[in-house]
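To start, the structure itself, in structure tokens.
Just so it is clear, the model here is predicted, and its values are computed rather than measured.
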Amino acid sequence: MKLLLATATAALMALSIGSAFSADPAPLNSDTEKDRIDWSQVEAKFGAFPKLPEGTKAGAVSKTLTNEYWRSLGEGYKAFGDKVGIPVVYQAAQSEGDQLGQLTIAEGLVTQGYNVLLVSPQTDANLQPIMEQAKAANVPVVNVNDAVIPQAEHYVGNVQRDNGVRVAKWFIKNRPNGGKVAIVEGQAGVYAAVQRTDGFKSTITEGGKFEVVASVPGNWDRQTSYDAAVNILQQHPDLIGFYANNDGMALGIVEAVKAAGMQDKVVVFGTDGISDAYASIRAGELTGTVDSFPVLTGEVALETALRLVAGQKLPRVVATPQALITKDNADRYSGPGARKALLEDAAAGQ
């Protein structure tokens, strides 16, 4: 009897342990997840890029190709794919609101036999159905930046909250007397928009010198953000600055500030680091942007995905770099020298 009880107990323990290992991971918060590694440390920890199974191919789906950020991310996928000889198919929804269209594309890539799937979801929820489908087909899924699928086992991207924090710190340093500021947010409920907004708002209000007088949705849209900025400037003619959750919206705000003749009083910051933002910064119009280096992010994301295909056990989050860009440092983070600058930043803990 004792032997039977011991055997049964051992079997239950084994089943319990097995269930724990097979259980879905805890809901992902990509900013605070402790199982993470910085992009600059991947090769040092996991070695040179591994040999892949013959015929490996990668599929990727993004929000839309109407936004330069997502086109640049695709350039990064292609660049790394070409480097290691792996074909990459990169597709996107028609617009940043086409949630069903994006899901249909992702489902198609799984059924077409791609070995790994990289996804940048429209929202935190619209690509959730693909997770079970991909798992059943033994296809790893890597969530790449922006919206975060709670069930995602792997994520590549930057610390979204830090986008807003960096801009807030610029205001605190460069506008020591404080004043009224406004936020134009991305799509309501999307993880990146929520985190960027909270990072800015909580940091800038800490000392009591700044007041956030408006925080309104711009839905990632330039015209919507222009209209919002016009209204905010009319209501708050003493405003000293705007923070927008992406560069397209920020450039719309710049036009509203120019139309109001307030270029000398109101600063504008965006997020993403698209080429139009750099041009506007150099022209003295847009004050700055938080560049999240989409081409490099694409390269890191595909490398991460393919290391998973090769059987490597990478951390749940691979963190990619970002930097606050103004006219003073735009050249350092542009062109071929950007990667070197970012590695220097990583070594310095920035």
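With hydrogens and angles disregarded, no donor-acceptor distance shorter than 3.5 Å links the side chain of D124 to the backbone of A147. Within the 3.5 Å criterion, the main-chain N or O of Q160 finds a donor-acceptor partner in the side chain of N163. With hydrogens and angles disregarded, a donor-acceptor distance shorter than 3.5 Å links the side chain of N174 to the backbone of W170. Not one N or O on the side chain of D38 forms a donor-acceptor pair closer than 3.5 Å with the backbone of Q41. Put simply, the side chain of N231 never gets that close to the backbone of A228: no donor and acceptor are under 3.5 Å apart. Remark: side-chain polar atoms of Q122 are paired, donor with acceptor, to backbone N or O of K63 under 3.5 angstrom.
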- [ ] Could you go through the side-chain contact (heavy atoms from CB on, under 4.5 Å) check for W39 and T304 one step at a time?
- [x] CA-CA 9 Å; W39 71 283; T304 299; over 6 Å; no

TODO: Could you please spell out the steps behind the side-chain contact (heavy atoms from CB on, under 4.5 Å) verdict for V212 and T205?
DONE: CA-CA 8 Å; V212 178; T205 56; 4.0 Å; yes

Open item on the list: Evaluate F210 against I240 for side-chain contact (heavy atoms from CB on, under 4.5 Å), listing each step before the verdict.
Closed with: CA-CA 10 Å; F210 291 89; I240 67 165; 3.8 Å; yes

- [ ] Kindly determine whether D146 and Y69 satisfy side-chain hydrogen bond (donor to acceptor under 3.5 Å, both in side chains), including the steps that lead there.
- [x] CA-CA 11 Å; D146 220 329; Y69 179 89; over 6 Å; no

Task: Q187 vs T123, side-chain hydrogen bond (donor to acceptor under 3.5 Å, both in side chains): CA-CA, chis, key distance, verdict - done: CA-CA 8 Å; Q187 191 171 352; T123 72; over 6 Å; no

Task: side-chain contact (heavy atoms from CB on, under 4.5 Å) evaluation trace for L28 with I149 - done: CA-CA 7 Å; L28 177 63; I149 304 171; over 6 Å; no

Open item on the list: Show, in sequence, the C-alpha distance, side-chain angles and deciding distance for D272 and T289, and conclude whether the side-chain hydrogen bond (donor to acceptor under 3.5 Å, both in side chains) test is met.
Closed with: CA-CA 7 Å; D272 283 347; T289 182; over 6 Å; no

Task: CA sep, side-chain torsions, deciding dist, call: K135, E132, salt bridge (charged side-chain N to carboxylate O under 4.0 Å, His left out) - done: CA-CA 5 Å; K135 193 171 186 178; E132 286 301 318; 5.1 Å; no

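One distance of note links CE of M131 with CD of E153; it measures 6.5 Å at 0.5 Å rounding. The distance from the CG atom of D227 to the CD1 atom of I253 is 11.5 Å, given to the nearest 0.5 Å. A distance of 12.0 Å separates OG of S95 from CG of N67, quoted to the nearest 0.5 Å. Expressed to the nearest 0.5 Å, how far NZ of K83 lies from CD of E303 amounts to 7.0 Å. Taking CD of Q322 as the reference point, atom CZ of R166 lies at 5.0 Å (rounded to 0.5 Å). To the nearest 0.5 angstrom, M262 atom CE is 8.0 Å from D238 atom CG.
Under the side chain to side chain donor-acceptor pair (under 3.5 Å) criterion, the residue pairs touching residues 99-121 are Q102-N126, with sequence neighbours excluded.
Across all their heavy atoms, A250 and G270 have their closest contact at CB-CA, 3.6 Å. Across all their heavy atoms, H154 and P315 have their closest contact at ND1-O, 3.6 Å. Minimum heavy-atom separation, L251 to A277: CD1-N, 4.3 Å. A pairwise comparison of heavy atoms in Y77 and A60 identifies CE1-CB, 3.5 Å as the closest pair. In terms of heavy atoms, S225 sits closest to V184 at OG-CG1, 3.6 Å. Heavy-atom minimum distance, E43 versus R307: CA-NH2, 4.1 Å.
Applying side chain to side chain contact (heavy atoms under 4.5 Å, CB included) to V254 and the options T287, L286, V266 leaves one that passes, L286. Screening R36, Q195, R161 against D31 for a side-chain hydrogen bond (donor to acceptor under 3.5 Å, both in side chains) leaves a single residue, Q195.
The ring-ring contact (aromatic ring centres under 6.0 Å, His included) search around Y155 returns none, not counting sequence neighbours. For F171, the ring-ring contact (aromatic ring centres under 6.0 Å, His included) partners are F200, F269, not counting sequence neighbours.
Residues F242 and I204 do not share a hydrophobic cluster, clusters being chains of Ile/Leu/Val/Met/Phe/Trp/Tyr side chains in contact below 4.5 Å. Hydrophobic clustering (ILVMFWY, side-chain heavy atoms < 4.5 Å, transitive): V268 and I183 are in distinct clusters. Residue L65 is not grouped with residue L100 when hydrophobic side chains (ILVMFWY) are merged at heavy-atom distances under 4.5 angstrom, including chains of intermediate members. By the rule that hydrophobic residues join a cluster once side-chain heavy atoms approach within less than 4.5 Å of another member, V142 and V89 end up as members of separate clusters. Under the 4.5 Å side-chain heavy-atom criterion for Ile, Leu, Val, Met, Phe, Trp and Tyr, L118 and L73 are members of the same hydrophobic cluster.
Counting only heavy atoms from C-beta outward, the side chains of F293 and N158 never approach each other to under 4.5 Å. In this structure, V119 and V141 have side chains that are in contact, with non-hydrogen atoms separated by less than 4.5 Å. Within the 4.5 Å cutoff, no side-chain heavy atoms of R339 are placed close to those of L342. T203 places a side-chain heavy atom less than 4.5 Å from the side chain of I172. V148 has its side chain out of reach of N29: every pair of non-hydrogen atoms, C-beta onward, lies at least 4.5 Å apart. Using a 4.5 Å heavy-atom threshold, the side chains of L296 and T320 count as separate. At least one side-chain heavy atom of P121 sits under 4.5 Å from a side-chain heavy atom of N143. No side-chain heavy atom of E211 sits under 4.5 Å from any side-chain heavy atom of H236.
In this structure, D331 pairs ionically with R282, as a charged nitrogen and a carboxylate oxygen lie closer than 4.0 Å. Contact check on K78 versus E75 returns no salt bridge, with no Lys/Arg side-chain nitrogen under 4.0 Å from an Asp/Glu carboxylate oxygen.
Residue-environment remark: CG (D264) stays at or below the threshold of 12 foreign heavy atoms within 6.0 Å. Around CD of Q94, the count of heavy atoms belonging to other residues, nucleotides or ligands within 6.0 Å does not exceed 12. Remark: D35 CG is packed, more than 12 non-hydrogen atoms of other residues, nucleotides or ligands lying under 6.0 Å away. Few gaps surround NZ on K57; more than 12 heavy atoms of other groups in view lie less than 6.0 Å from it.
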